[in-house]
**Student:** 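Structure in structure tokens, see below.
Every value quoted in this text rests on a predicted model; they were computed, and no experiment measured them. Numbered from 1 within each chain, the chains take letters A, B, ... in sequence-line order.
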2 protein chains.
Amino acid sequence: MGRAEMSGEDNLLRLVEAEEPDENGYHLQDQVGFILRKAHQRHVAIFASQIGDLTPPQFAALAKLHDIGETSQNQLGTLIAMDAATVKGVIDRLKARGLVELSKHEVDKRRLLVNLTAQGREAIERLIPLARAITEETLAPLSAKEAATFMRLLAKLA
Amino acid sequence: MGRAEMSGEDNLLRLVEAEEPDENGYHLQDQVGFILRKAHQRHVAIFASQIGDLTPPQFAALAKLHDIGETSQNQLGTLIAMDAATVKGVIDRLKARGLVELSKHEVDKRRLLVNLTAQGREAIERLIPLARAITEETLAPLSAKEAATFMRLLAKLA
DNA sequence: CAAAATTCATTCGTATGCAAATGATATCAA
DNA sequence: TTGATATCATTTGCATACGAATGAATTTTG
């Protein structure tokens, strides 16, 4: 596939000539996955700067429990998009800090019920305003209109 | 703050009445960070379904090395957005599989140079078409125009 | 030049994140 | 009812991801 055989569309030709023969111009920094990973990293960093003593997954668990009340560990995992193994670790750590408490389901003995403690409730209610600020700061590079568009499209991808 | 005191904008009133008094309507599933995390998860799953024997970070390292040639481990980390500790693990595993080789920088003895092996080069060149398919599948829920908009806005956030 | 500050790499500790295997319990179906 | 399935939780193993501490080498600066 020699370049000489290529008929002449100027921009394309210039583009091709600017690159190495074997490389058809794959640029990592233009790939969704790579940018998605970086955007997520940036968000996590912003989160950590505002809420230092809780991770985003831990916050998600508390926020969801605050929203819906007691549920099973598994159900909670589904709601906050974590598999069973991951959610267990998160809940274990929240339990160790006294933010959630566990109990057995009376009827279905397989289920482990998770609920906020008073301390957990106090914590999440205190943190929610900070979480709003985190969302705001994460979206700060975009105008209000851009942010709305972005959220709409991002939701379609997730 | 009784609801009765609220003057009547219909939509707002209905919205407020649908919620608990103390809860000002914080919904995890509407937060950028949460959706960003889910979108990233989905992408990683798509990646794994197309390229089973390499992770996205490992692929990123190979792709970048293919793009720019030999560099120091640290510099590579900067280019693919990984801190020093993370990049070391990734490179260690690629080395164990014979996809990259390491050498000492002649002048600056602190630096560890990383380069593709012949096998690594063969691998990345074989995988790049699959990576394009992964990008395509990740963006599949969006129209071409939406995808372009999304990429533009995402890049601003990352 | 010599001390101070930086840079590069490594190591340790902690926290996701997921696949796969396992055990206990529930539900479904023949 | 019992045998097959499915669900819930746990555990193990592996792979990011990052802060913090450390040591070696280089660069900056007084």
Side-chain angles (χ1 to χ4, degrees), chain A residues 33-34 36-49 51-62 70-97 99 102-114, chain B residues 33-34 36-49 51-62 70-97 99 102-114:
Chain A
F34 184 70
L36 218 39
R37 178 168 146 271
K38 289 214 299 176
H40 182 247
Q41 279 177 359
R42 173 171 167 272
H43 167 76
V44 172
I46 291 170
F47 190 101
S49 75
I51 300 181
D53 67 339
L54 223 54
T55 64
Q58 288 167 3
F59 176 87
L62 295 183
E70 189 176 61
T71 12
S72 71
Q73 194 174 268
N74 220 44
Q75 175 66 11
L76 180 61
T78 299
L79 293 170
I80 59 181
M82 285 176 213
D83 69 15
T86 300
V87 84
K88 180 178 195 310
V90 173
I91 294 303
D92 278 353
R93 285 179 283 275
L94 292 175
K95 177 174 182 281
R97 293 175 54 176
L99 299 176
L102 305 179
S103 58
K104 292 175 189 169
H105 187 107
E106 285 300 313
V107 178
D108 188 339
K109 294 174 186 169
R110 295 170 304 179
R111 296 189 197 172
L112 187 62
L113 296 174
V114 190
Chain B
F34 184 70
L36 218 39
R37 176 169 148 271
K38 288 213 300 176
H40 182 246
Q41 278 177 1
R42 173 170 167 271
H43 167 76
V44 172
I46 291 170
F47 190 102
S49 76
I51 300 181
D53 66 342
L54 223 52
T55 65
Q58 289 167 3
F59 176 86
L62 295 184
E70 189 176 60
T71 9
S72 73
Q73 193 174 271
N74 221 44
Q75 175 65 10
L76 180 61
T78 300
L79 294 170
I80 59 180
M82 286 177 213
D83 70 14
T86 301
V87 83
K88 179 175 196 314
V90 173
I91 294 303
D92 278 354
R93 286 179 283 277
L94 291 176
K95 176 173 183 281
R97 293 174 56 176
L99 300 175
L102 305 179
S103 57
K104 291 175 188 168
H105 188 106
E106 285 300 313
V107 178
D108 188 338
K109 293 174 187 170
R110 294 170 304 180
R111 296 190 198 169
L112 188 61
L113 295 175
V114 190

**Student:** Once ring pair (Phe, Tyr, Trp, His ring centres under 6.0 Å) is applied, do any residues pair with A/F34, and if so which ones, sequence neighbours excluded?
**Tutor:**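 By the ring pair (Phe, Tyr, Trp, His ring centres under 6.0 Å) rule, A/F34 matches no residue at all.
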
**Student:** Going 5' to 3' along DNA chain D, which are the first and last nucleotides with any atom under 4.0 Å from a heavy atom of chain B?
**Tutor:**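 Using the under 4.0 Å cut-off, the span is D/dA15 to D/dT26.
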
**Student:** For A/D108, answer base if it contacts any base atom (sugar-phosphate contacts may also be present), sugar-phosphate if it contacts only those atoms, and nothing otherwise; contact means non-hydrogen atoms under 4.0 Å.
**Tutor:**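 The residue A/D108 makes sugar-phosphate contact but no base contact.
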
**Student:** Rounded to whole angstroms, how far apart are NE2 on B/H40 and C1' on C/dG17?
**Tutor:**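 Nearest whole value for this atom pair: 10 Å.
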
**Student:** Can you list the residues that meet the side chain to side chain contact (heavy atoms under 4.5 Å, CB included) rule with A/D83, with sequence neighbours excluded?
**Tutor:**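 A/D83 satisfies side chain to side chain contact (heavy atoms under 4.5 Å, CB included) with A/A85, A/T86 once adjacent residues are dropped.
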
**Student:** For B/K38, check salt bridge (Lys or Arg N to Asp or Glu O under 4.0 Å) against everything at least two apart and list the hits.
**Tutor:**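 None.
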
**Student:** Can you work out whether A/R110 or A/G89 has the more 5'-proximal nearest nucleotide on DNA chain C?
**Tutor:**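 Comparing both residues, the 5'-ward one is A/G89.
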
**Student:** May I ask you to evaluate whether A/T55 reaches the phosphate of C/dA15, defined as a side-chain N or O under 4.0 Å from OP1 or OP2?
**Tutor:**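 No, no such contact exists.
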
**Student:** Return the set of residues passing side chain to side chain contact (heavy atoms under 4.5 Å, CB included) with A/R42 (not counting sequence neighbours), or none when no residue passes.
**Tutor:**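 With neighbours one apart ignored, the set is A/I46, A/T138, A/P141, B/L157.
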
**Student:** Which residues satisfy the side chain to side chain contact (heavy atoms under 4.5 Å, CB included) test with B/K95, sequence neighbours excluded?
**Tutor:**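 With neighbours one apart ignored, the set is B/V100, B/L102.
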
**Student:** Quickly work out the A/H43 NE2 to C/dT16 P distance and round it to whole Å.
**Tutor:**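 Interatomic distance, NE2 of A/H43 to P of C/dT16: 13 Å.
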
**Student:** Quick check: on DNA chain C, is the nucleotide nearest B/R37 upstream (toward 5') of the one nearest B/K88, or the reverse? Name the residue that is more 5'.
**Tutor:**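 Mapping each residue to its closest nucleotide by heavy atoms, the 5'-most match is B/K88.
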
**Student:** Checking B/Q75 now: which residues fulfil side chain to side chain contact (heavy atoms under 4.5 Å, CB included) with it, not counting sequence neighbours?
**Tutor:**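 B/T71, B/S72, B/L79.
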
**Student:** Give the rounded distance in Å between these two atoms: CG of A/L112 and C1' of C/dG23.
**Tutor:**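 Result: 15 Å.
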
**Student:** Counting only heavy atoms and a strict 4.0 angstrom limit, can you tell me which residues of residues 70-82 of chain A come near DNA chain D?
**Tutor:**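 Nucleic-acid contacts, sorted: A/S72, A/Q73, A/N74.
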
**Student:** Between B/V107 and A/V44, which has a closest nucleotide on DNA chain D that is more 5'?
**Tutor:**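 Between the two, 5'-proximity favours A/V44.
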
**Student:** Without decimals, in angstroms, what is the distance between A/F47 CZ and C/dT16 C1'?
**Tutor:**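 That distance rounds to 13 Å.
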
**Student:** Expressed as a whole number of angstroms, how long is the span from A/D92:CG to C/dG17:P?
**Tutor:**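 About 15 Å, once rounded to whole Å.
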
**Student:** At 4.0 Å (heavy atoms only), tell me whether B/T86 reaches a base, stays on the sugar-phosphate, or touches nothing.
**Tutor:**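 If one applies the 4.0 Å heavy-atom cut-off, B/T86 turns out to touch a base.
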
**Student:** List the residues meeting side-chain hydrogen bond (donor to acceptor under 3.5 Å, both in side chains) with A/D108, not counting sequence neighbours, and say none if there are none.
**Tutor:**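 Applying side-chain hydrogen bond (donor to acceptor under 3.5 Å, both in side chains) to A/D108 gives A/R110, A/R111.
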
**Student:** CG of B/L102 versus P of C/dC8: gap in Å, rounded?
**Tutor:**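 After rounding, the gap between these two atoms is 17 Å.
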
**Student:** Quick one: B/K104 NZ to C/dC8 P, roughly how many Å, whole number?
**Tutor:**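 Atom NZ in B/K104 sits about 18 Å away from atom P in C/dC8.
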
